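Working notes, structure below.
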Amino acid sequence: MTKKIHLQINNRLVEADEGMTILEAAKVNGIHIPTLCYLKGLTGDGACRVCQVEVEGARNLCAACVYPISEGMKVYTHTKRVLDARRNVLELIISNHSKDCLSCIRNTNCELQRLSQELGVREDYYKGSHTPPTFDEVSPGIVRNTSKCILCGRCVEACRQFQGLGVLGFIDRGFKTKVGPVYDKSFAEVNCIQCGQCINVCPVGALTEKEEIHDVVNALNNPEMHVVVQTAPAVRAALGEEFGMPIGSRVTGKMVSALKLVGFDKVYDTNFGADLTIMEEGFEFMDRVQNQGTLPMITSCSPGWINYIEKEYPDLLGHLSSCKSPHMMLGAIVKSYYAQKKEINPKKIYVVSVMPCVAKKGEKERPQMIKNGMKDVDAVITTRELAKLIKMFGIDFKSLPDDEFDQDLFGEYTGAGVIFGASGGVMEAALRTVADELAGEELDNFAFKKVRGTEGLKECTLNIGGMIVRVAVAHSMKMAKPLLDDIRAGVSKYHFIEIMGCPGGCINGGGQPYVNAGIRNSDVDYKKLRAAALYEEDEVLPVRKSHLNQQVQDLYADFLGAPNSPIAHHLLHTTYEKQDKFKFEDEK
């Protein structure tokens, strides 16, 4: 049993668990201490000093986020000395901060703005030189603007602790200090996988996605273009947060209504592409098992993960499924089968993908995703960008009635497609189809719950049709690395592995709505709540296995022939190649 520590906070006797910091002890006792650099789950060092408090007996003010509690301690959180010090710290931070708030992408959703309001900081007392800034928009998905950086270090720790990469770090010393890749290089020049987790934890506008909203608006206003939009499963589980709805609100119908009001010619669900992916990937896996192909086979639908393996483990590329990701598959089908059926010149079709992911912005630019001079997908906007687009068009999202995706050709989707957005979802969806195919019958028990959840590596061993299949699910590169090292060493015990680039899967993608620090620092598991919305939709759908999607069956009968057929490989599969990684001078 955890030992309880008794202390006083603001002359009030409270207790907290041994090992807690002053910040944590205050929080569990309902006492608010403002923070800026602190974020639960990331190792902090009290860098910003916004959370400083008075501790009786201590000469200096102490950073509450790192200072441990002790028996009999007396803490004061809002004395004049503390408030003056916090305001002074904030004024110093603001003095070196770009103040173009009205045009900033984080305007009204900025932790620095919020804190300035809370502490009553409105004057620019410290005026002078600014640290020479770096503006980097070379990479396909991430924009870095150090003029807005407050040196909180969150992005540094997120890259190191979530992904195990350490792409970001502090550069130079003193007044010249900034945060960025080694030697202040562009994200495009280093081993960044474009996952966007650094964006998600940035409290200001120093790191953002490269927006494509205006490209989409231009396409919508071009009378010669037929604009088709598709939405990833994870988007419906988070979009509502941008409009003040509770985390985990499933807003599928309202999202469709909004997209139709914006003016898209067709509104489809990427879940159809997910069902199609399972057909191709599931049959690819069975072919490898039955014909001594390369095992374990690893999923390929996460572009951040693909960026990682191409740079860090190129010798293992043969283990990847050759399938494109679901939205790229659907884009390819729209510009071939759909164009043929609708008698539209494919060059006049503009495909927009709404994704929870930043890395998919780069995925659509890969040469392998361009056929006959046409991209499979023309624009990728994040969940955050979709919210901005809806607001730009003056739509009252919360009052919208529920509508349905367009039903022609690609309107049907299954529960298996929906759960793609959660870690373990791709594996479970694949197993639902593979199990039926190997057993030769429709199995009733198809909820493979052992691969669900956001806690750690998940694995299970299944007996499918008399065959033992060992599977594993990893989310984040830090978690994937041991699996890859085992494969490289020839000791992997698995047949099939799912790897997603972001912790928790797509529901926590780098393009999802910002989760404010108050929620992140609480006991609320926002990833679990978002995932639950997807599993709820899976359970209410009449069809929950990809191979039972009638429109997918029709697509094969009418156009593709069979899974892994020559035309399916031409349109729905791709190749991977070793990518150069940054090298220090002494490594060249």
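This is a predicted model, so every value here is computed, not measured. We number each residue from 1, following the sequence as shown.
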Return yes if a side-chain donor-acceptor contact under 3.5 Å exists between Asn145 and Ser147, otherwise no.
yes
For a quick check under 3.5 Å, do Thr177 and Asp172 share a side-chain donor-acceptor pair by atom type?
no
Donor-acceptor pair between Tyr126 and Asn88 side chains, under 3.5 angstrom:
yes
Minimum heavy-atom separation for Ser476 to Gln163, with atom names?
CA-OE1, 3.4 Å
Measure from the side-chain N and O atoms of Lys360 to the backbone N and O of Pro303, and report whether any donor-acceptor pair falls under 3.5 Å.
no
Could you go through Lys527 and Ser423, starting from their C-alpha distance and side-chain angles, then the distance that decides it, and tell me whether this counts as side chain to side chain donor-acceptor pair (under 3.5 Å)?
CA-CA 10 Å; Lys527 289 178 282 189; Ser423 173; over 6 Å; no
Which of Met328, Met369, Glu365 passes side-chain contact (heavy atoms from CB on, under 4.5 Å) with Lys375? Answer is Glu365
side-chain contact (heavy atoms from CB on, under 4.5 Å), that's the test. Do Tyr514 and Asn109 meet it? Break it down for me.
CA-CA 8 Å; Tyr514 297 112; Asn109 191 13; 3.3 Å; yes
With side chains defined as the heavy atoms from C-beta onward, is the minimum distance between His97 and Val204 less than 4.5 Å?
yes
Run the numbers on Glu212 and Lys364 for side-chain contact (heavy atoms from CB on, under 4.5 Å), then give the verdict.
CA-CA 13 Å; Glu212 299 180 48; Lys364 77 178 190 304; 3.1 Å; yes
Could you report the tightest heavy-atom contact between Met329 and Cys323, atom names first, then the distance?
CE-CB, 3.7 Å
Enter the distance from Tyr125:OH to Ser95:OG here, rounded to the nearest 0.5 Å.
13.5 Å
Gln161 side chain near Val156 side chain, heavy-atom distance below 4.5 Å
no
Short side-chain donor-acceptor distance under 3.5 Å, His32 and Glu118:
yes
Evaluation steps, side-chain contact (heavy atoms from CB on, under 4.5 Å), between Met500 and Cys506
CA-CA 8 Å; Met500 301 297 280; Cys506 299; 3.4 Å; yes
For Tyr313 and Asp485, does a side-chain donor sit closer than 3.5 Å to a side-chain acceptor?
yes
Is any NZ, NE, NH1 or NH2 atom of the basic residue among Arg530 and Asp525 found under 4.0 Å from an Asp or Glu carboxylate oxygen of the other?
no
Does this structure show an ion pair linking Arg366 with Glu577, if we count only N-O contacts that are shorter than 4.0 Å?
no
Do Gln230 and Ser353 pair up side chain to side chain, a donor and an acceptor below 3.5 Å, judged on atom types alone?
yes
Charged N to carboxylate O under 4.0 angstrom, Lys324 versus Glu363?
no
I want to check something: taking the side chain as every heavy atom from C-beta on, are Asp136 and Lys185 in contact at a cut-off of under 4.5 Å?
no
Tell me, with the steps shown, if Glu459 and Lys493 meet salt bridge (Lys or Arg N to Asp or Glu O under 4.0 Å).
CA-CA 11 Å; Glu459 59 182 351; Lys493 61 183 179 181; 3.6 Å; yes
Any salt bridge between Asp100 and Lys148, counting N to O under 4.0 Å?
yes
Dump the intermediate steps for side-chain contact (heavy atoms from CB on, under 4.5 Å) on Ile298 and Ser321, then the final yes or no.
CA-CA 6 Å; Ile298 313 176; Ser321 163; over 6 Å; no
Between Asp124 and Lys99, does any NZ, NE, NH1 or NH2 come within less than 4.0 Å of an OD or OE carboxylate oxygen?
yes
Test item: Cys460 and Val451 side chains (from C-beta on) under 4.5 Å apart, heavy atoms:
yes
Does the side chain of Val53 come within less than 4.5 Å of Arg86's, by heavy atoms?
yes
How are the rings of Phe496 and Phe285 set to each other: parallel, tilted or perpendicular (split at 30° and 60°)?
parallel
Check Glu137 with Lys210, please: is the shortest side-chain N to carboxylate O separation under 4.0 Å?
no
When rounded to the nearest 0.5 angstrom, what is the spacing between CD in Gln194 and SG in Cys192?
4.5 Å
Got a sec: does the CG of Asp84 have more than 12 other heavy atoms crowding it under 6.0 Å?
yes
Leu207 and Phe187, any side-chain heavy atoms less than 4.5 Å apart
yes
Considering only NZ, NE, NH1 and NH2 on the basic side and carboxylate oxygens on the acidic side, decide whether Lys361 and Glu211 come within less than 4.0 Å.
no
Side-chain contact test, heavy atoms from C-beta onward, threshold under 4.5 Å: evaluate it for Arg114 versus Pro203 and give yes or no.
no
Just verifying a value: how many Å separate Gln197 CD and Cys502 SG, rounded to the nearest 0.5 Å?
4.5 Å
Walk me through it: do Glu385 and Lys388 pass the test salt bridge (Lys or Arg N to Asp or Glu O under 4.0 Å)?
CA-CA 5 Å; Glu385 288 176 87; Lys388 290 175 183 175; over 6 Å; no
Separation of Met477 CE from Asn307 CG (nearest 0.5 Å)
9.5 Å
Which pair of heavy atoms, one from Val179 and one from Cys155, lies closest together, and at what distance?
CG1-SG, 3.6 Å
What's the spacing between Tyr308 OH and Lys481 NZ if we round to 0.5 Å?
6.0 Å
Looking at every non-hydrogen atom in both residues, tell me the closest pair between Arg288 and Ser322 and how far apart they are.
NH2-N, 4.5 Å
Do Glu284 and His573 meet the criterion of a side-chain donor-acceptor pair at a distance under 3.5 Å?
no
Test: Asp523 and Lys27 ion pair at under 4.0 Å:
no
Hits for salt bridge (Lys or Arg N to Asp or Glu O under 4.0 Å) against Lys371, two or more places apart or cross-chain, chain-then-number order -> none
Would you say that Val143 contacts Phe135 through its side chain, given a criterion of any heavy-atom pair below 4.5 Å between the two side chains?
yes
For a quick test of reading the model, state the closest non-hydrogen atom pair linking Gly19 to Glu24 and the distance between them.
O-OE1, 4.4 Å
Before you tell me yes or no, could you show the steps for Lys578 and Glu310 under salt bridge (Lys or Arg N to Asp or Glu O under 4.0 Å), namely the whole-Å CA-CA distance, both residues' side-chain angles and the distance that decides it to 0.1 Å?
CA-CA 5 Å; Lys578 178 180 179 180; Glu310 286 186 329; over 6 Å; no
Scan Asn218, Leu386, Leu389 and name whichever one has a side-chain contact (heavy atoms from CB on, under 4.5 Å) with Ile213.
Leu389
Looking only at non-hydrogen atoms, find the nearest pair between Cys62 and Val55 and report the distance.
SG-CG2, 3.9 Å
Do Gln512 and Thr382 have a side chain donor and acceptor closer than 3.5 Å?
no
dist Glu209:CD -> Ser139:OG (nearest 0.5 Å) comes out at 11.5 Å
Mark yes or no for whether Thr146, through its side chain, and Thr134, through its backbone, hold a donor-acceptor pair below 3.5 Å.
yes
Salt bridge between Lys178 and Asp184, side-chain N to carboxylate O under 4.0 Å?
yes
